[in-house]
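What you are looking at is a predicted structure, and each value in this text was computed from that prediction instead of being measured. The figures that follow rest on heavy atoms only: side chains count, while hydrogens, waters and symmetry mates do not. All chains are named by letter (A, B, ...) in the order of the sequence lines, taking the proteins before the strands, and each is independently numbered beginning at 1.
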Protein chains: 2
Amino acid sequence: MAVSMRDVAHRAGVSVGTVSNVLNRPSEVSADSVARVTRAIEELGYVRNDAARRLRAGVSATVGFVVLDGQNPFYNDVVRGAEDEASRHSIAVLHGNTDQDVRRERLYIDLFHEQQVRGLLIAPYGDVTAHLDRLAEAGIAVVLVDRFSGDGRYSSVSVDSVAGGRLAMEHLIETGRRRIAFVGGPFDLRQVNDRLAGARAAAENANVTVTLEVVATEGMAVEDGVVSGDRILMRTRGDWPDALFAANDLIALGLLQSLVTDGRARVPQDIAIIGFDDIPFAAAAAVPLSSVRQPSRMMGRTALRILLEEAADPESIPRQTVFPPELVVRASTVAR
Amino acid sequence: MAVSMRDVAHRAGVSVGTVSNVLNRPSEVSADSVARVTRAIEELGYVRNDAARRLRAGVSATVGFVVLDGQNPFYNDVVRGAEDEASRHSIAVLHGNTDQDVRRERLYIDLFHEQQVRGLLIAPYGDVTAHLDRLAEAGIAVVLVDRFSGDGRYSSVSVDSVAGGRLAMEHLIETGRRRIAFVGGPFDLRQVNDRLAGARAAAENANVTVTLEVVATEGMAVEDGVVSGDRILMRTRGDWPDALFAANDLIALGLLQSLVTDGRARVPQDIAIIGFDDIPFAAAAAVPLSSVRQPSRMMGRTALRILLEEAADPESIPRQTVFPPELVVRASTVAR
DNA sequence: AACTTACCATGAATCGATTCAGCTTCGATT
DNA sequence: AATCGAAGCTGAATCGATTCATGGTAAGTT
């Protein structure tokens with residue numbers, strides 16, 4: 001059915017070995033052969049069979065990326081960065097969405113294992129160390145994204161979430177806020193915990209008195225922010241916090257939407273809001289959102305680069321790359 | 001290095017054929033063998049080699065999805081729908097971003113061809129008929145997404161963009177708008193053209209006099225909307241349109257942001273805005289955005305289902321599935 | 001003329017899962 | 001006791017690209 005190398009070889013009047021050489025190391029083949037083979041390929045519409053190639057080679061030119069939340073633009077940006085870097089190495093990035101579902105997470109890991117990907121990028125949700133260890137045993141490189149590797153067994157690329165939480169909190173305190181609420185969850189997500197921890201630290205180190213309450217959400221979507229915002233506004237006005245620190249921008253956007261509806265609260269005059277991630281939609285919100293930026297593209301690019309290095313050199317030692325977060329001040333915290 | 005079927009067979013004391021049978025049709029194997037093989041697999045940590053499997057089988061359990069704009073949440077939703085359906089069939093969806101780049105688009109098509117994907121979903125940007133025809137010749141099913149197949153050579157799943165444009169326009173007219181601007185581009189994107197065509201038709205069929213001007217944008221991102229909004233506001237106030245119809249929600253969000261900044265224009269009192277796609281962020285905007293909804297998840301699901309059917313039956317006849325768009329009215333067009 | 005060197009081309013072996021014709025076993029039937 | 005069928009298992013052939021030991025050829029050297 002499909003055109004194979006054998007067909008091309010026959011048409012060009014050479015052996016299959018020569019066809020392979022033309023494709024993979026043309027410099028070692030005479031110009032004449034290259035021309036004839038190239039022409040035969042053209043005429044027959046030959047396309048390499050990746051499966052056969054991989055079977056022989058043992059590894060593929062594909063990298064897997066297991067993502068926590070495909071609906072969050074932050075992760076889309078990270079993926080995008082990885083793709084950019086990958087395409088420079090003629091490598092394809094295959095991605096799978098786990099949607100914070102442990103089962104799907106494991107499913108994708110196994111799938112990528114079967115496909116003998118060159119390496120795996122993963123923004124982990126559940127506890128997958130056992131699965132990752134199996135990959136490692138099979139010689140597949142693993143790089144954690146957006147999560148510091150606690151035991152240092154794997155390389156990781158992340159942002160210092162604790163520092164980020166501190167940045168956000170310090171900003172709120174500096175701009176005069178004293179009754180602050182952290183909105184986020186679930187707390188078994190490492191990122192959420194770290195951001196809260198940073199906020200707590202900043203509150204304690206401040207040389208003024210600051211209260212920091214925690215408003216727990218079920219998830220990290222816009223809807224969760226809306227619900228929390230509504231709940232906060234139901235309090236008597238004197239009990240309102242004067243600032244909200246959302247665990248990510250999606251929640252922050254939900255909060256914003258809730259507060260602004262019908263002018264129930266003025267942002268930032270009555271209540272300031274700051275998010276985390278600095279997704280593109282944060283700047284585009286009608287009250288542009290202050291946020292703690294993670295260098296998402298850069299993180300993706302870096303993760304992929306490290307992954308390829310480790311895939312090339314099995315002896316390499318895992319390293320933790322931590323980027324600093326960056327405070328981005330917009331109208332949602334500072335009135336103009 | 002890696003554990004192969006042969007190793008498992010040896011450990012379990014059976015032949016490789018039996019191991020394969022245990023994996024693929026356990027009902028035809030004795031319970032005893034199943035148990036022993038299962039145990040051996042467990043003990044050795046065996047993982048199937050997908051390359052070998054595919055080489056033999058000739059097709060893979062993978063479907064490719066070539067996407068126009070990975071930053072647009074609309075496409076993320078479509079992909080998500082396809083993934084949902086795919087996972088019910090134990091099929092993986094591999095996606096590639098073309099970012100409206102013809103070269104990358106072709107690159108990905110060829111890549112998927114090499115990988116012998118079971119089928120290809122594509123939201124096409126440039127003219128790729130030649131490439132798609134090659135896929136078809138190789139027996140790989142193709143379904144166009146978000147684009148009606150003009151010549152009917154391929155199946156397609158799309159929304160009636162003309163009707164959508166009409167819906168949006170009629171809504172604006174009904175709510176009293178008379179000086180309307182269509183904001184979008186580039187016009188070699190079919191979707192943009194169709195939406196404008198629908199708007200034109202509605203303007204002509206209205207029993208009141210309506211003007212429809214066109215404000216061309218370079219792309220379909222938030223930034224393009226901001227630029228256009230700024231430009232419109234620079235006119236003397238009497239020349240302002242009283243409504244904006246954006247070719248998609250990203251542009252609409254950009255417009256909104258531009259108008260609302262510093263209270264330069266009240267939305268919807270001074271200028272109404274309606275977008276297209278109804279992405280999740282449309283509802284979450286501080287002035288919730290009216291939009292024309294495309295059933296994105298459903299489109300993805302349907303496209304994948306058709307793709308699998310066609311992959312299973314090469315004789316099947318291409319069919320065009322067109323969903324109706326749905327008007328979603330929110331605060332950006334109707335003051336409360 | 002004999003020999004060396006450089007350059008290329010060849011084609012069989014290989015990767016690992018799947019398939020299927022053929023074999024073995026064992027119980028049922030006559 | 002002979003025959004048959006069903007159930008289960010075996011192992012060689014197969015898919016197609018890559019690799020590499022082997023061999024051939026032409027040009028250059030002694």
Side-chain angles (χ1 to χ4, degrees), chain A residues 1-38 40-41 44-62 90 110-111 113-118 138-139, chain B residues 1-38 40-41 44-62 90 110-111 113-118 138-139:
Chain A
M1 172 93 213
V3 180
S4 80
M5 218 167 203
R6 205 212 264 0
D7 303 322
V8 173
H10 191 248
R11 174 90 166 213
V14 298
S15 71
V16 290
T18 299
V19 175
S20 175
N21 283 333
V22 168
L23 256 32
N24 299 307
R25 41 182 94 74
S27 63
E28 296 182 14
V29 178
S30 71
D32 182 54
S33 296
V34 172
R36 297 155 56 121
V37 169
T38 309
I41 287 177
L44 297 174
Y46 166 75
V47 175
R48 248 206 201 99
N49 181 323
D50 180 63
R53 167 176 238 218
R54 254 178 39 203
L55 172 56
R56 188 63 233 263
V59 296
S60 73
T62 301
S90 306
D110 285 344
L111 189 78
H113 190 166
E114 281 190 15
Q115 304 220 7
Q116 297 174 282
V117 291
R118 169 117 19 129
Chain B
M1 171 95 213
V3 181
S4 81
M5 217 167 204
R6 204 213 266 359
D7 303 323
V8 174
H10 189 248
R11 174 90 167 213
V14 298
S15 72
V16 290
T18 298
V19 176
S20 175
N21 284 334
V22 168
L23 255 32
N24 298 306
R25 41 182 93 72
S27 63
E28 296 182 14
V29 178
S30 70
D32 182 54
S33 296
V34 172
R36 297 155 58 122
V37 169
T38 309
I41 288 176
L44 297 173
Y46 166 75
V47 175
R48 247 206 201 98
N49 181 324
D50 180 64
R53 167 175 237 220
R54 253 176 42 201
L55 172 57
R56 187 64 233 263
V59 294
S60 73
T62 301
S90 307
D110 285 344
L111 188 78
H113 190 166
E114 281 189 15
Q115 304 220 6
Q116 298 173 284
V117 292
R118 168 122 14 136

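- Rounding to whole angstrom units, NE2 of residue A/His10 and C1' of C/dT10 are separated by 15 Å.
- Between the A/Gln116 side chain and the A/Gly58 main chain, a donor and an acceptor come within less than 3.5 Å of each other.
- In terms of modelled atom types and a separation under 3.5 Å, the side chain of B/Arg11 and the main chain of B/Ala40 share no donor-acceptor contact.
- Where the helix from C/dA1-D/dT30 to C/dT30-D/dA1 starts and where it ends, the local axes point in directions that differ by 60°; five pairs per end, rounded to 10°.
- One finds a side-chain N or O of B/Asn24 lying less than 4.0 angstrom from the OP1 or OP2 phosphate oxygen of C/dT18.
- In this structure, A/Asp50 and A/Thr62 have side chains that are not in contact, with every pair of non-hydrogen atoms separated by 4.5 Å or more.
- Rounded to an integer number of Å, the gap from CZ of A/Arg53 to C1' of C/dG16 is 18 Å.
- Of the side-chain N and O atoms in B/Arg6, none sit less than 4.0 angstrom from OP1 or OP2 of C/dA17.
- Using modelled atom types, no side-chain atom of A/Arg54 and backbone atom of A/Val59 make a donor-acceptor pair closer than 3.5 Å.
- Remark: P of C/dG16 and CD of A/Gln115 are 17 Å apart, rounded to the nearest angstrom.
- Look at CZ on B/Arg54: it is 15 Å from C1' on C/dC15, rounded to the nearest Å.
- Atoms CG (A/Leu55) and P (D/dT18) sit 11 Å apart, rounded to a whole Å.
- A straight line from CZ of A/Arg25 to C1' of C/dC8 spans 13 Å, rounded to a whole angstrom.
- Counting any heavy atom pair closer than 4.0 Å across all strands shown, A/Asp50 reaches no nucleic acid atom.
- Of the possible donor and acceptor atoms, one in the side chain of B/Arg118 sits under 3.5 Å from a partner among the backbone N and O of B/Ser60.
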Q.
Using a 4.0 Å heavy-atom cut-off to protein, can you give one letter per nucleotide of nucleotides 5-14 of chain D, 5' to 3': B if the base is in contact, S if only the sugar-phosphate is, - if neither?
A. ---SSBB--B
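- For the atom pair B/Thr18 OG1 and B/Met5 CE, the distance stands at 10.0 Å (nearest 0.5 Å).
- For B/Ser33 (side chain) and B/Val29 (main-chain N/O), no donor-acceptor pair under 3.5 Å exists by modelled atom type.
- Put simply, the side chain of A/Ser20 never gets that close to the backbone of A/Val16: no donor and acceptor are under 3.5 Å apart.
- A/Asn24 contributes no side-chain N or O that, together with a main-chain N or O of A/Asn21, makes up a donor-acceptor pair within less than 3.5 Å.
- Contacts of B/Arg48 with the nucleic acid, taken as non-hydrogen atoms under 4.0 Å apart, involve only primed sugar atoms and P, OP1 or OP2.
- The side chain of B/Ser20 places an N or O atom within less than 4.0 Å of a non-bridging phosphate oxygen (OP1 or OP2) of C/dT18.
- With rounding to whole Å, A/Leu44 atom CG is found 15 Å from D/dG16 atom C1'.
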